[in-house]
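The following block contains the structure, expressed as structure tokens.
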Number of protein chains: 2
Amino acid sequence: MQDDGSTAEDQTLDQMVCFAIYSAGHAMNRVYKPLLDALGLTYPQYLVMLVLWERDDLTVGQLGERLFLESSTLTPLLKRLEAAGLLRRVRDSLDERQVRLLLTDAGRRRRGDAAAIPACVIKATGRSLVELRRLQAELESLRRSLHEAA
Amino acid sequence: MQDDGSTAEDQTLDQMVCFAIYSAGHAMNRVYKPLLDALGLTYPQYLVMLVLWERDDLTVGQLGERLFLESSTLTPLLKRLEAAGLLRRVRDSLDERQVRLLLTDAGRRRRGDAAAIPACVIKATGRSLVELRRLQAELESLRRSLHEAA
DNA sequence: TGCGATCGAATCGCGCGCAATATAGTCGCG
DNA sequence: CGCGACTATATTGCGCGCGATTCGATCGCA
């Protein structure tokens, strides 16, 4: 059966890699949570704000491409950020199908409050910047392969 | 030491690593979904079945320790697996606080139906077993560091 | 024996995350 | 202009995932 030299352990390796990603993601979330609670943001909301802090006036679709998320995920999340006063959702007057995301002053100000987070999380990983950079590149490459396969 | 990048990039490295884990997890899920749909399982349900196929008669708490999940996540999930006829949830007669998880014959049989999944997923990663094993070890080590930090 | 502390699981409320679907707006073409 | 195809976002239904809380069972200890 296993003419490629793999063993019974190899048979479940995908499960272990996937579970490793899955559980590392949860562990990350648990580190971020107390830091983000202080900002009144969830982790996905924080990701949205990171994108918009870099450049706002994006459409929902453009944001979804950056984050690999669907409008069914983003629309309610963005409404909550709007309700929190961090951004405005404005129909594009040239193409009323699109919704443009504009940071409010309050939304822009929150960037400063979030400035301390990266260092905290890097510290919690217990890893060097070089190691983190390599891990990141590896995971991004893996994500691209999985996208192609799907 | 080489000059390997600007400070500004370092400031956001944690975000990029975390996002890489986060989005790779979603990409994994999208690969698993069609495979698991055929079995009538979700990914978390599949993880539970993997643990129980290895050894059942665990308590909810023991299962949670293996998967790093809380009873508030597992209880409803386990009820769905019970409703699907894959396992039984039985109060331990010696300690009625605990619930023991026992696979049904149908639950045990489903193991065979799932046998093809690992190879499919490994193929989708486009990576060698050696690479996957290393990535797995790295992520598990990261998870341990994050647990300690939290 | 009694009774408070603790424990394991269950429940509740909320926010994702997505597939399927709906709705509204735009475009292409006769 | 009118109509069908297409596009962007929104809605719905379901299953996580967790913190906070509850509930019944068990333990500790006088």
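The structure presented is a predicted model; accordingly, all values stated were derived computationally and were not measured. Just so we're on the same page: letters track the sequence lines, and every chain starts at 1. Only heavy atoms go into these numbers, but all of them, side chains included; no hydrogens, no water, no symmetry mates.
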* **Under the side-chain hydrogen bond (donor to acceptor under 3.5 Å, both in side chains) test, residues paired with K123(B) that sit two or more places apart** => none
Nucleotides 18-21 of chain D: which of its N/O atoms have a protein N/O under 3.5 Å away?
unit_1	atom_1	unit_2	atom_2	d
dC18(D)	OP1	R30(A)	NE	3.3
dC18(D)	OP1	R30(A)	NH2	2.5
dG19(D)	O6	S72(B)	OG	3.1

* If only side-chain N and O atoms of K79(A) are considered, is one of them under 4.0 Å from the OP1 or OP2 phosphate oxygen of dG15(C)? -> no
* Asked: Would you call E138(B)-R134(B) a salt bridge at under 4.0 Å N-O?
  -> yes
* Rounded to whole angstroms, how far apart are OH on Y32(B) and C1' on dC16(D)? -> 17 Å
* Asked: Base, sugar-phosphate alone, or nothing: which one does L67(B) contact when heavy atoms must sit under 4.0 Å apart?
  -> nothing
* Please report, rounded to the nearest Å, how far the C1' atom of dG15(D) is from the CG atom of L74(B). => 13 Å
* Asked: Of all residues at least two apart in sequence or in a different chain, which pass the side-chain contact (heavy atoms from CB on, under 4.5 Å) check with L58(B)?
  -> V51(B), L52(B), R55(B), Q62(B)
* Asked: Hey, is the side chain of Y22(A) poking within less than 4.0 Å of OP1 or OP2 on dC16(D), counting only N and O atoms?
  -> no
Would you list the protein and nucleotides 5-8 of chain C atom pairs, both N or O, that sit under 3.5 Å from each other?
unit_1	atom_1	unit_2	atom_2	d
dC7(C)	O4'	R97(B)	NH1	3.4
dC7(C)	O2	R97(B)	NH1	3.4

* Do side-chain atoms of T59(A) reach the backbone of V99(A) as a donor and acceptor pair under 3.5 angstrom? -> no
* Whole angstrom value for the distance that separates P of dG15(C) from CG of L78(A) -> 14 Å
* Check the distance between dG17(D)'s C1' and N29(A)'s CG and give it to me in whole angstrom. => 9 Å
* Structure fact -> Rounded to whole Å, the CD-P distance (E96(B) to dA10(C)) equals 13 Å
* Pairs involving residues 66-78 of chain A, ordered by first then second residue, that meet salt bridge (charged side-chain N to carboxylate O under 4.0 Å, His left out) (sequence neighbours left out) -> E54(A)-R66(A)
* With sequence neighbours left out, what residues match R143(B) under side-chain hydrogen bond (donor to acceptor under 3.5 Å, both in side chains)? -> S23(A)
* Structure fact -> Of L94(B) and T75(A), the one whose nearest nucleotide on DNA chain D sits closer to the 5' end is T75(A)
* R100(A) near the nucleic acid: base, sugar-phosphate alone, or nothing, with a heavy-atom cut-off under 4.0 Å? -> nothing
* Test ring-ring contact (aromatic ring centres under 6.0 Å, His included) applied to Y46(A) - qualifying residues, sequence neighbours left out -> Y32(A)
* salt bridge (charged side-chain N to carboxylate O under 4.0 Å, His left out) partners for D92(A), two or more places apart -> R100(A)
* Classify the ring geometry between F68(B) and H147(B) as parallel (under 30°), tilted (30 to 60°) or perpendicular (over 60°). => tilted
* Figure out the CG/P separation between D37(B) and dA19(C), and round it to whole Å. => 10 Å
* To do: List in chain and number order the residues that pass side-chain contact (heavy atoms from CB on, under 4.5 Å) with K79(B), two or more places apart in sequence or in another chain; answer none if no residue qualifies.
  => T75(B), R89(B)
* Within this structure, what is the CG-to-C1' distance between L36(B) and dC18(C), rounded to whole angstrom? -> 15 Å
Identify all side-chain donor-acceptor contacts of residues 105-112 of chain A below 3.5 Å with residues at least two apart in sequence or on another chain.
unit_1	atom_1	unit_2	atom_2	d
R108(A)	NH2	L103(A)	O	3.2
R110(A)	NH1	L39(A)	O	2.9
R111(A)	NH1	W53(A)	O	3.1

* Asked: side-chain contact (heavy atoms from CB on, under 4.5 Å) with R97(A): which residues, sequence neighbours excluded?
  -> D95(A)
* Is L77(B) touching bases, backbone alone, or none of the nucleic acid, heavy atoms closer than 4.0 Å? -> sugar-phosphate
* Rounded off to whole Å, could you give me the CG-to-C1' distance for the L101(A) and dA8(D) pair? => 12 Å
* Contacting residues from residues 40-56 of chain A, given that a heavy atom lies under 4.0 angstrom of DNA chain C -> T42(A), P44(A), Q45(A)
* Does R91(A) place a side-chain N or O at less than 4.0 Å from the phosphate oxygens OP1/OP2 of dG25(C)? -> no
